[in-house]
Asker: 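Just passing along the structure, written as C-alpha cells.
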There are 2 protein chains.
Amino acid sequence: MKKRITLKHIANQFDVSIATVSKALSDSYEISAKTKEKIQQYAKEHHYKPNSVALSLLNKKTKTIGVIIPNIMNNFFAKVFVGIEEKATEKGYSLISCISNESYEKEVKTMELLKNGTLDGFILSLAEETQEKEQYQHLKNTINEGVPMVLFDRVTDEIACDKVIVDDFEGARNATNHLIKTGCKRIALISVIDNLSVGKLRAKGYEKALTDNNITIDPKLIVKIGKREDFETAMKIVLADKSIDGLLCLEESSAVQSLEIVKRMGYHMPNEMSIICFTNGKLPQYVTPRITTISQHGKYIGEMAAKILIDRLEGEIDAPFQTKVIKTSLIERESTKRI
Amino acid sequence: MKKRITLKHIANQFDVSIATVSKALSDSYEISAKTKEKIQQYAKEHHYKPNSVALSLLNKKTKTIGVIIPNIMNNFFAKVFVGIEEKATEKGYSLISCISNESYEKEVKTMELLKNGTLDGFILSLAEETQEKEQYQHLKNTINEGVPMVLFDRVTDEIACDKVIVDDFEGARNATNHLIKTGCKRIALISVIDNLSVGKLRAKGYEKALTDNNITIDPKLIVKIGKREDFETAMKIVLADKSIDGLLCLEESSAVQSLEIVKRMGYHMPNEMSIICFTNGKLPQYVTPRITTISQHGKYIGEMAAKILIDRLEGEIDAPFQTKVIKTSLIERESTKRI
DNA sequence: ATGAAAGCGCTAACAT
DNA sequence: ATGTTAGCGCTTTCAT
C-alpha cells in the first residue's frame with residue numbers, strides 16, 4: 001500500500017527544489033534536459049499525479065459541476081443526466097451529483113452545502129415542492145454570490161440565469177393537433193403534474209390546439225389528478241364519458257395506467273381511443289399497443305446544459321443569459337391512428 | 001455579486017489575526033467572549049463558509065466518494081444510486097458520479113482521473129466489458145494505492161475489497177422452484193447477460209433448482225442471446241418447442257419482450273405459460289399480465305455499500321474485508337400461477 | 001486573550 | 001539552470 005507521491009518526495013529524491021520538480025514535470029525550458037528526463041521518468045515510475053485539491057485551491061477552480069436532479073428514477077431526468085455526464089467528461093469536468101427527491105428542503109440544503117468552494121457552477125432542475133412553494137431565495141443567493149447556474153426543464157422566470165427548456169407548449173400543441181388530424185373528436189388532458197411549470201405549459205399547448213381547430217374547451221376534459229388521489233378511480237369517472245376518444249397524458253406512467261384501464265373497458269385502440277404521452281421512456285414502448293410519445297430529447301438537453309455552463313465558466317463571465325428551447329418530436333406508434 | 005468571504009477578510013475587518021478569527025469561529029475558549037461574538041456575528045451576516053477545498057488539503061480528506069455506475073438508465077442501478085446518495089448525504093459525504101457506459105476504457109480512465117486526491121474512496125459496479133475482458137489491473141492499482149473501494153453487484157474474486165452483492169444464485173433457484181411448484185414442467189432460462197458474473201450465477205441457481213427437483217437439465221432450454229442477435233427471432237425459435245411452459249428471464253426487458261411474443265402466439269397466461277424475471281422495475285409492473293419479479297433491493301444495496309465504505313473511511317482502516325450478500329425477494333404477480 | 005509561524009501540495013514571479 | 005519566496009484558505013502548535 002504505497003501512498004500517493006508528491007513533488008516534495010521527488011525533490012528530496014534528487015536533492016533539488018520543489019520548484020525544479022514542478023517545472024521539470026511541466027517540461028519547462030528553464031530546466032536542463034537531463035534533469036527533466038530523470039525527474040519525468042521517476043514521476044512516471046512512481047505514478048505521480050498532481051493533487052487536484054491543491055490545484056483547485058491555487059486556481060480557485062475545481063473543474064467540478066454540481067448537479068441537482070429531482071428524481072433519477074424518472075426516465076427523462078436519467079437521460080438528461082447521461083447527457084450532462086457525457087459532455088462534462090468530454091470537457092474535463094467532474095460531476096458532484098445530488099438528488100433533491102422533489103423536496104424543497106433537500107434542494108436548499110444541498111445548494112448551501114455545495115457552495116463551499118467545491119464546485120464551479122450548478123446545473124439543476126427545480127424540485128416539485130420548490131415549484132409549488134414558489135420560493136427561490138436559495139437560487140437568488142447562489143446567483144448573487146456569483147456562482148454560475150444553468151436551470152433546465154423545471155425553471156422559473158424569477159431567476160435570471162441560463163436555461164435549457166423543453167418546448168412543452170409546442171409539444172402538447174403538436175400532439176393535440178395530431179390527435180385531431182387523426183380523427184379524435186373529444187380529447188381529454190390527463191395531468192398528474194399540474195403543480196409543475198411544465199405541466200401548466202403543456203396544458204396551455206393543449207388548449208391552444210383546440211381553439212386553433214375551433215373546438216370548444218371543455219373543462220370536464222381537463223383532468224388534474226393529485227398525488228394523493230387514486231388514479232384509477234379518477235380515470236374511471238372521466239371515462240364514464242363515452243364520447244372521449246383521445247387522451248393526452250402529460251407523463252408516461254399515467255399513460256400506461258390509462259391504457260390499462262381503457263383496454264379493460266373494452267375499447268379498441270387506436271380506433272376507438274387514442275393515447276399520446278410525454279416522455280419517451282421504455283414504458284410506452286413495451287406495452288401493447290405501443291404508445292405514441294412526445295420525446296423531449298433528454299440527453300441532448302443535458303449536453304446543452306453542460307455546454308452552456310462550461311462555456312460560461314471558461315468564457316466571458318458576463319455574456320447575456322440565454323434560454324435554449326429544445327423542440328420536441330412526436331414518435332408515432334400504435335396508440336394513435338395513421339393520418 | 002459579492003464574492004465569497006474568507007477568514008482573512010474578517011481578520012482585516014477587525015484588525016486581528018487570521019488565527020484569532022479561526023478560533024473565534026470554532027468557539028475556542030482561548031478567545032474572549034466579546035471578540036468571539038462580534039466575529040461570529042459578522043461571519044453570519046456575511047455568510048461566511050469555510051472553503052472546503054482548503055480544508056480538504058489540510059485534512060487530506062475530501063468527504064467525497066467516487067461512484068461509477070455502468071448504466072444509469074438501468075432501473076436496478078438507478079435504485080442503487082438512490083441508496084448511495086441517501087446514505088452518503090446522511091453521513092455528510094458528497095458523490096462524484098460517473099457513468100462507465102459499460103465500457104472498460106471509460107471505467108479505467110475515470111478511475112485514473114479521480115484518483116487525484118478529490119475523493120476518499122470508490123463505490124462501483126464493473127462495466128460489462130470489464131467483466132468480459134477480465135482485466136482488473138486498474139482496480140488492483142487502486143487498492144494498492146490505498147484507496148478504499150466497495151464493489152457492488154458485478155464483482156470479481158480477483159479483487160480483495162469490501163463487496164455488496166445480490167444473492168443471484170439463490171434468487172434464481174427460488175424463482176425456478178416457484179415455477180416448478182406452481183406446475184411448470186419445462187422451464188427455459190432466457191439470458192441476455194451471460195457475459196456478466198451475475199448472469200452466470202443466476203444460471204447456476206436455475207440449474208440447481210432443476211436438479212434438486214430431479215428434472216434433467218436440457219441444454220436447449222438454456223437460451224443465451226447475445227447483444228447483436230435479434231431477440232425476437234431467437235425467442236421464436238426457442239418457443240417452437242411447445243412443451244415449454246415457463247420462462248425465467250434474467251433481466252426485465254427480455255421478459256417484457258418475451259411476454260409480448262408469447263401473447264401474440266396465443267398462449268394463455270399464466271396457465272399455459274409462466275414468466276418470472278429479475279429486476280423489479282416499473283416495466284414488469286405495467287405490462288399485462290403484470291410480471292412476477294425477483295427484487296434485488298437495489299436501494300438497500302446502495303445504502304449498504306455507502307455505509308461500508310464510510311465505516312472503513314472513518315473507522316479502522318485495516319478491518320477485514322467483508323462481502324455482504326443481500327437476499328432477493330420474489331414478488332408474485334399475474335404472470336405466475338398461485339400455489 | 002491574541003498572534004506568529006508552519007504546513008497541506010502546488011505554481012509562478014522573481015532572484016541567483 | 002536552479003532556487004527562493006509568496007500565497008491559495010485553513011488549522012494548530014507554540015509563543016507572548
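Computed from a predicted structure; not experimentally measured. In the text below, chain A, chain B and the rest are named by the order of the sequence lines, each starting its count at 1.
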Asker: Starting at atom CG of A/L7, determine the distance to atom P of D/dG3, rounded to an integer number of angstrom.
Answerer: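 It is 14 Å, rounded to the nearest whole Å.
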Asker: Could you walk me through whether B/R154 and B/E102 pass salt bridge (Lys or Arg N to Asp or Glu O under 4.0 Å), step by step?
Answerer: CA-CA 11 Å; B/R154 280 141 55 158; B/E102 305 289 9; 2.3 Å; yes
Asker: For the side chain of B/T20, starting at C-beta, report the closest nucleotide among C/dC10, C/dT2, D/dC10.
Answerer: C/dT2
Asker: Mind checking if B/S22 touches a base, just sugar-phosphate, or nothing, with heavy atoms under 4.0 Å?
Answerer: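 Since a base atom lies under 4.0 Å of B/S22, the category is base.
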Asker: Would you indicate what B/T35 reaches in the nucleic acid, counting non-hydrogen atoms under 4.0 angstrom: base, sugar-phosphate, or nothing?
Answerer: sugar-phosphate
Asker: Quick test of your reading of the model: are A/E303 and A/K91 salt-bridged, counting only N-O distances below 4.0 Å?
Answerer: no
Asker: Rounded to the nearest angstrom, tell me the gap between atom CD1 in A/I5 and atom P in C/dG9.
Answerer: 12 Å
Asker: Rounded to the nearest Å, what distance is computed from the CD1 atom of residue A/I10 to the P atom of nucleotide C/dT11?
Answerer: 11 Å
Asker: Choose from D/dC10, D/dT2, C/dC10 the nucleotide whose nearest atom is closest to any side-chain atom of A/N51.
Answerer: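 Closest of the options to the side chain of A/N51: C/dC10.
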Asker: Contact class for A/K23 vs. all strands (heavy atom < 4.0 Å): base, sugar-phosphate, or nothing?
Answerer: base
Asker: Is a salt bridge present between B/K34 and B/E37, judged by a nitrogen-to-oxygen distance below 4.0 Å?
Answerer: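 The answer is no: the pair does not qualify as a salt bridge.
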Asker: Taking CG from A/L25 and C1' from D/dT2, how many angstroms apart are they, rounded to a whole number?
Answerer: 15 Å
Asker: Could you tell me whether B/F14 contacts a base, only the sugar-phosphate backbone, or nothing, with contacts defined as non-hydrogen atoms closer than 4.0 Å?
Answerer: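 Answer is nothing: B/F14 stays at 4.0 Å or more from every strand.
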Asker: Between A/Y29 (OH) and C/dA13 (C1'), how many Å, whole number?
Answerer: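 So the OH-C1' distance, A/Y29 to C/dA13, works out to 11 Å.
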Asker: Looking at B/K49 and A/E112, does any basic side-chain N land under 4.0 Å from a carboxylate oxygen?
Answerer: yes
Asker: Quick one: do A/E86 and A/K299 make a salt bridge, cutoff under 4.0 Å?
Answerer: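 Looking at A/K299 together with A/E86, the answer is yes, because their closest N to O distance falls below 4.0 Å.
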Asker: What's B/L55 touching, base or sugar-phosphate or nothing? Going by heavy atoms closer than 4.0 Å.
Answerer: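 The residue B/L55 makes sugar-phosphate contact but no base contact.
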Asker: So does B/E107 pair up with B/K133, basic N to acidic O under 4.0 Å?
Answerer: no
Asker: What is the separation between atom CG on A/N59 and atom P on D/dA6, rounded to the nearest whole Å?
Answerer: 21 Å
Asker: Check the phosphate of C/dT2 against B/S32, side-chain N and O only, distance under 4.0 Å to OP1 or OP2. Yes or no?
Answerer: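 Yes, such a contact exists.
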Asker: Under 4.0 Å between any heavy atoms, over every strand shown, what does B/V16 touch: base, sugar-phosphate, or nothing? Just pick one.
Answerer: sugar-phosphate
Asker: Output the rounded distance in Å from CG (B/L58) to P (D/dC10).
Answerer: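 To the nearest whole Å, that distance equals 10 Å.
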Asker: Go through D/dC10, C/dT11, C/dA5 for me and flag the one nearest to the A/I18 side chain.
Answerer: C/dT11
Asker: Let me spell it out: for each of A/A19 and B/A33, pick the nucleotide of DNA chain C with the closest heavy atom. Which residue's pick is nearer the 5' end?
Answerer: B/A33
Asker: Taking only side-chain nitrogens and oxygens of A/S26, does any of them come within less than 4.0 Å of OP1 or OP2 of C/dT11?
Answerer: no
Asker: Output the single nucleotide from D/dC8, C/dT11, D/dG9 whose closest atom is nearest the side chain of B/T6.
Answerer: D/dG9
Asker: Can you check whether B/K60 has a side-chain N or O nearer than 4.0 Å to OP1 or OP2 of C/dG9?
Answerer: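 For C/dG9, OP1/OP2 do have a side-chain N/O of B/K60 under 4.0 Å.
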Asker: Do any side-chain nitrogens or oxygens of A/Y48 fall under 4.0 Å of OP1 or OP2 in C/dC10?
Answerer: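 So the side chain of A/Y48 is within the cut-off, an N or O lying under 4.0 Å from OP1 or OP2 of C/dC10.
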Asker: Tell me the interatomic distance from B/H9, atom NE2, to D/dG9, atom C1', rounded to whole angstroms.
Answerer: 10 Å
Asker: Phosphate oxygens OP1/OP2 of D/dC8: is one of them under 4.0 Å from a side-chain N or O of B/K8?
Answerer: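 So the side-chain polar atoms of B/K8 do come within 4.0 Å of the phosphate oxygens OP1 or OP2 of D/dC8, strictly under.
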Asker: Applying a 4.0 Å non-hydrogen cut-off, can you work out what B/D15 is touching in the nucleic acid: base, sugar-phosphate, or nothing?
Answerer: sugar-phosphate
Asker: So which one's nearest nucleotide on DNA chain D is more toward 5', B/L57 or B/E30?
Answerer: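 The 5'-side residue here is B/L57.
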